[in-house]
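Treat the numbers as computed from the prediction; the structure is a model and nothing was measured. Every chain is numbered from 1 and lettered A, B, ... according to where its sequence line falls, protein lines coming before strand lines.
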Number of protein chains: 2
Amino acid sequence: MTDINRRSVVKGGVPVRGSTTGQPIMVLFDLLSRRWAMGILWNLASEPRTFRDLQARCGLASPSVLNTRLKELREVGLIKNGEGGYELTATGRELFAHLEPLGDWAMEWVPTL
Amino acid sequence: MTDINRRSVVKGGVPVRGSTTGQPIMVLFDLLSRRWAMGILWNLASEPRTFRDLQARCGLASPSVLNTRLKELREVGLIKNGEGGYELTATGRELFAHLEPLGDWAMEWVPTL
DNA sequence: AGCTACTGCTACGATAAACGTAGCGATAGA
DNA sequence: TCTATCGCTACGTTTATCGTAGCAGTAGCT
């Protein structure tokens with residue numbers, strides 16, 4: 001049974017902002033919609049990257065935000081900090097597989113804006 | 001050729017926050033990572049919805065934010081305001097098709113948190 | 001040993017985004 | 001006309017993100 005209090009926190013202490021409706025997809029959207037979160041996953045997909053490399057690829061994201069985001073993504077088990085820098089976990093790669101198709105779609109759509 | 005100045009604004013005047021790297025996927029991520037953006041698309045997928053219905057389904061999102069988000073999504077042509085309320089455009093449905101698989105994945109993943 | 005040049009961060013004040021509540025004008029029904 | 005709802009807008013407060021500065025740690029020189 002889902003404890004009512006768990007609505008506000010997910011494993012590792014990462015807080016859920018505002019009131020999601022409690023639906024899993026909304027919890028996921030809440031995590032992914034934090035600044036740079038999807039960009040981080042995207043850029044780690046091909047290979048492990050260092051903090052500063054990641055920062056450069058995320059449009060020079062503020063190191064403070066980048067760091068909190070990396071912490072959160074580590075706490076929910078989507079990325080980990082290995083030898084060659086940050087990299088996706090198995091779960092992270094699963095998620096990325098669903099994100100990947102957006103790349104091609106974006107390449108067609110964005111130029112029409 | 002991509003005018004350098006276009007990096008900061010997409011059609012309809014919706015501004016791109018911070019410096020994306022200019023890659024289409026980053027522009028898309030920037031749009032989708034605004035608060036409630038993905039939740040809105042998600043909830044409009046099955047049927048048109050009124051402002052207040054949408055608000056309720058998005059965890060009682062602030063009407064001000066919800067309204068700016070709806071404006072932005074309309075300006076980039078992902079949703080429109082029709083007879084029965086807000087609904088996805090053809091483009092919006094295309095995008096949703098790529099978002100949809102995340103629902104099932106989230107249902108398996110989120111409970112493990 | 002000392003110097004330089006990196007790295008991954010942390011601190012902190014400034015700015016921007018989101019929140020929450022109140023309420024307005026319009027429409028619909030009793 | 002009264003009440004209830006709607007789609008919003010206004011506005012003051014809180015939270016998130018930014019941007020710059022800088023520190024400790026490591027590696028490569030001399």
Per-nucleotide protein contact along nucleotides 8-14 of chain D, 5' to 3', at a 4.0 Å heavy-atom cut-off (B base, S sugar-phosphate only, - neither), is BB-----
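Two end axes, each from the C1' atoms of five base pairs, can be drawn for the helix from dA1(C)-dT30(D) to dA30(C)-dT1(D); they diverge by 20°, to 10 degrees.
Checking side-chain atoms of N43(A) against main-chain N and O of G39(A) turns up a donor-acceptor pair under 3.5 Å. Distance alone, capped at 3.5 Å, places no donor-acceptor pair between the D30(B) side chain and the M26(B) backbone. Between the side chain of R35(B) and the backbone N or O of V65(B) there is no donor-acceptor pair closer than 3.5 Å. The closest donor-acceptor contact from the side chain of T89(A) to the backbone of L78(A) lies under 3.5 Å. Looking at Q55(B), its side chain never comes within 3.5 Å of a backbone N or O of L60(B) through a donor-acceptor pair.
Protein atom CD1 of I40(A) is 11 Å distant from nucleotide atom P of dT17(D), rounded to whole Å. The distance between atom CG of D30(A) and atom P of dT15(D), rounded to the nearest whole Å, is 15 Å. Nucleotide dA16(D) holds its P atom 7 Å from the CZ atom of R17(A), rounded to whole Å. Atom CZ in R69(A) sits roughly 14 Å away from atom P in dT10(C) (whole-Å rounding). Rounded to whole Å, the distance from CG on L66(B) to P on dG7(D) is 10 Å. The CG-C1' distance, from D53(A) to dG8(C), rounds to 13 Å in whole Å. Spacing between atom CG of L32(A) and atom P of dA16(D) amounts to 17 Å, rounded to whole angstrom units. In this structure, R35(A) places its CZ atom 9 Å from P of dA17(C), rounding to the nearest Å.
The side chain of R34(A) sits closest to dT17(D) out of dG7(D), dT17(D), dT7(C).
Between the side chains of R17(B) and S33(B), at least one donor N or O sits under 3.5 Å from an acceptor N or O.
Note on W36(A): a side-chain N or O is less than 4.0 Å away from OP1 or OP2 of dC18(D). Phosphate proximity of dG8(C) to T50(A): present, with a side-chain N or O under 4.0 Å from OP1 or OP2.
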Go through the steps for R74(A) and E72(A) under the test salt bridge (charged side-chain N to carboxylate O under 4.0 Å, His left out), then give the verdict.
CA-CA 5 Å; R74(A) 249 187 295 137; E72(A) 290 169 1; over 6 Å; no
Could you go through F51(B) and N67(B), starting from their C-alpha distance and side-chain angles, then the distance that decides it, and tell me whether this counts as side chain to side chain contact (heavy atoms under 4.5 Å, CB included)?
CA-CA 8 Å; F51(B) 187 91; N67(B) 191 46; 4.1 Å; yes
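The aromatic rings of W42(B) and F29(A) sit perpendicular, their planes meeting at an angle over 60°, well past the 30° parallel limit.
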